[in-house]
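Below is one structure; the comments refer to it alone.
All figures in this text were calculated on a predicted structure; none of them were measured in a lab. Order of the sequence lines fixes the chain letters, A, B, ..., with proteins taken first and strands second; residue numbering starts at 1 for each chain.
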Amino acid sequence: MSAPRVRFAPSPTGYLHIGGIRAALYGWLWAKQKGGEFILRIEDTDEQRNTDEAVEIIFESMDWLGMDWNEGPRVGGPNAPYFQSKRLDLYREYADKLIASGHAYRCYAGKEELAEARTQHKLRTGHEHGFRFQSPWRDRTDGDPSESHIVRFKSPSEGVIAWDDLVKGRIEVDNATQQDFVLLRPNGLPLYSFGCVVDDLTMGVTLVTRGDDHVINTAPQILMYQALGAEPPTFAHMPMVLGPDGKKLSKRHAAVSVLEYRDLGYLPDAVLNYLVRLGWSHGDQEIFTKDELIELFDWEHVGSGSARYDQKKFLHVNAEHLRALPHAQLARRVVPFLAQRGIEVAEDDATLLAALPYLTPRASTLIELAEAADYFLRPVPVFEDKARRKFLVPEFAAHLRELLSRVEAAESFDLASLEASVNGWLEAEGLSMKDIAQPARVALSGRTRSPGLYEVMVVLGRERTLERLRAGAALAASGPDLSA
RNA sequence: GGCCCCAUCGUCUAGCGGUUAGGACAUCGGCCUCUCACGCCGGUAACGGGGGUUCAAGUCCCCCUGGGGUCACCA
């Protein structure tokens with residue numbers, strides 16, 4: 001297989017599902033690795049729900065993930081247009097070809113007739129299963145093409161269709177199970193399978209990656225390729241992502257839209273990493289950069305069983321990426337989340353940059369990171385009621401005042417000097433860090449959990465540290481009255 | 001129900017005839033320690049069942065069971 005042409009053909013139905021993007025992701029990685037082309041095509045042939053906003057959401061999702069395409073909307077390409085709704089003439093043309101060669105026929109049976117046949121079948125058999133519509137038009141050619149009709153494919157009833165799936169291996173389907181599926185609606189809009197085949201064929205697609213809920217569509221599609229005298233592409237059907245309960249992953253289980261993960265503070269590369277690793281493996285390695293993914297991906301190690309979504313592991317993967325990200329980039333990513341908290345700060349803010357090394361081990365998402373950075377970037381920390389009530393009380397006031405003076409007396413404002421200065425006092429008094437840490441922590445950060453005290457001080461800088469210690473001591477002296 | 005696919009710790013998985021069945025997340029202990037994390041050390045935990053093939057089966061074959069998908073003028 002040389003220079004594969006892979007496509008992703010989402011339908012604009014409101015959001016991009018992470019399960020859907022996963023199948024596309026494998027194809028994208030493959031195209032990247034092999035120097036092939038990645039084609040984006042919008043399958044907007046659904047009667048209802050097709051809005052421009054939904055198309056924008058697809059772009060936005062792909063942009064955020066960093067999945068670019070060589071051909072498609074926005075970038076154009078030799079096979080434009082890339083919207084199915086703008087390719088109607090093509091489908092008509094191919095339908096006519098199929099009719100002319102005897103592989104399809106015009107069917108004038110209406111929906112009512114179909115429904116009637118279905119209820120008859122139900123009456124006869126007692127159930128709806130296995131219903132196959134036998135169109136009375138199958139072998140007629142005397143219909144009036146100008147009258148409203150649909151086009152049906154004339155499926156063979158004998159023989160088998162087989163293909164070697166890149167992830168499932170050989171799959172065989174008996175033609176006897178096929179029915180005369182619909183190619184074209186009366187209004188000229190193609191049905192999924194037909195539009196897909198015509199587009200893949202005319203766009204020269206060589207590899208189709210999709211969820212394995214599509215395996216069932218493959219046999220009819222191969223039938224169409226054969227009827228058209230064309231070579232079918234290679235197929236790769238990925239197992240689906242299931243919810244923790246083993247059912248199809250849905251909103252009920254977790255965030256399911258790509259953009260939601262962006263808003264939840266996930267890193268795009270972490271999403272890529274988790275999704276790819278869910279169903280593909282490379283020995284014991286768990287964390288991959290995007291470039292590693294492109295370099296290492298292979299079809300041999302794509303599992304053939306469905307996988308369950310695991311929120312905890314996803315978070316872990318995100319945390320790993322968060323810690324590995326250069327701080328300049330991390331700062332740029334976290335700024336919007338700080339803004340959400342009402343903190344307007346530049347991405348090259350010195351305090352933010354200084355705090356990051358101490359914050360990343362304590363955060364799994366950008367939201368958590370912003371939360372952890374909060375008090376460093378506000379003029380005055382926001383005190384947690386519980387923390388203040390417990391630690392900024394008169395019994396600690398003297399300690400805080402003494403700490404203040406020791407910090408003030410430190411030779412220079414760095415980790416070692418601060419520690420030396422404070423330790424001198426502690427030892428002389430027979431105190432330990434435990435005795436003063438929490439009140440000091442609350443005075444400096446407003447909360448009971450933070451990086452090491454000296455680390456917080458150094459990031460804050462001398463002035464703000466002294467100021468907060470002073471204010472904390474005053475607060476402690478005045479007692480736990482929070483009404484002020 | 002027909003058809004298709006799938007099956008190793010709770011979860012994601014390594015394994016491609018001979019392994020003390022490995023890693024990661026989660027979980028449970030412990031260490032570190034000024035809090036919370038990070039980190040480090042250690043524990044619990046898996047080949048669904050039954051037949052074959054083979055000197056030897058988690059690995060190959062068959063059946064069962066279980067799970068998933070799909071049966072549209074949706075995609």
Side-chain angles (χ1 to χ4, degrees), chain A residues 9-13 20 43-49 84 107 109-111 114 118 125-133 149-152 165 167-169 171-174 176-179 181-187 189-193 195-196 210-219 237 239-240 242 244 246-248 274 277-287 300-301 303-317 319 323 358-364 372 387 391 422 426 432-442 445 447-454:
Chain A
S11 45
T13 53
E43 307 220 328
D44 55 351
T45 56
D46 191 320
E47 273 94 296
Q48 299 102 316
R49 40 171 205 186
Q84 286 195 323
C107 174
K111 285 184 177 177
L114 210 168
R118 183 170 315 213
T125 61
H127 56 77
E128 243 181 85
H129 313 305
F131 171 67
R132 299 271 181 286
F133 181 59
H149 65 278
I150 59 174
V151 178
R152 281 183 186 275
D165 197 275
V167 347
K168 301 272 184 189
I171 298 179
E172 299 188 352
V173 180
D174 199 320
T177 64
Q178 300 298 344
Q179 56 181 326
F181 49 89
V182 178
L183 265 26
L184 232 44
R185 298 178 174 99
N187 62 7
L189 283 172
L191 264 85
Y192 168 72
S193 271
C196 182
R210 49 178 25 168
D212 71 5
D213 48 337
H214 281 293
V215 286
I216 205 71
N217 293 320
T218 307
H237 288 95
M240 328 200 52
L242 270 25
K247 302 294 181 195
K248 202 166 182 170
Y274 179 71
R277 185 54 241 266
L278 193 64
W280 170 80
S281 62
H282 183 69
D284 286 341
Q285 188 172 350
E286 299 278 352
I287 305 300
E300 290 72 39
H301 294 88
S304 44
S306 50
R308 297 187 190 211
Y309 177 90
D310 185 343
Q311 180 65 55
K312 294 250 182 70
K313 180 119 181 198
F314 198 167
L315 255 184
H316 169 78
V317 171
R323 285 168 206 149
Y358 305 121
L359 266 22
T360 49
R362 295 171 170 80
S364 293
F391 294 110
V422 174
L426 255 23
S432 85
M433 201 61 192
K434 274 188 169 56
D435 301 312
I436 62 154
Q438 287 306 75
R441 173 162 284 112
V442 175
S445 71
R447 36 230 232 190
T448 54
R449 303 149 56 136
S450 83
L453 277 184
Y454 304 123

Report the residues that fulfil side chain to side chain contact (heavy atoms under 4.5 Å, CB included) with Ile216(A), sequence neighbours left out, ordered by chain and then residue number. none
Side chain to side chain donor-acceptor pair (under 3.5 Å) against His301(A), all qualifying residues, sequence neighbours excluded: Asp298(A)
Each nucleotide of nucleotides 19-27 of chain B classed B (base within 4.0 Å of a protein heavy atom), S (only sugar-phosphate) or -, in 5' to 3' order, makes ---BBBSS-
Short heteroatom pairs, N/O only, protein and nucleotides 40-48 of chain B, under 3.5 Å:
none

The criterion is ring-ring contact (aromatic ring centres under 6.0 Å, His included); which residues satisfy it with Phe181(A), sequence neighbours excluded? Phe153(A)
Test ring-ring contact (aromatic ring centres under 6.0 Å, His included) applied to His316(A) - qualifying residues, sequence neighbours left out: none
Each nucleotide in nucleotides 59-68 of chain B should get exactly one letter: B, S or -. Can you fill that in based on protein heavy atoms under 4.0 Å? ---------S
With sequence neighbours excluded, what pairs up with Arg362(A) under the salt bridge (Lys or Arg N to Asp or Glu O under 4.0 Å) test? none
Test your reading of the model: is there a side-chain donor-acceptor pair from Arg449(A) to the backbone of Ala372(A), 3.5 Å cut-off? no
Sorted by chain and residue number, the side chain to side chain donor-acceptor pair (under 3.5 Å) partners of Thr218(A) (sequence neighbours excluded) come out as Arg210(A), His237(A)
Residues two or more places apart in sequence or in another chain: which of them pass side chain to side chain donor-acceptor pair (under 3.5 Å) with Arg441(A)? Gln438(A), Ser450(A)
Not counting sequence neighbours, which residues clear side chain to side chain donor-acceptor pair (under 3.5 Å) with Gln179(A)? List them please. none
Would you please name every residue forming a ring-ring contact (aromatic ring centres under 6.0 Å, His included) with Tyr192(A), sequence neighbours left out? His214(A)
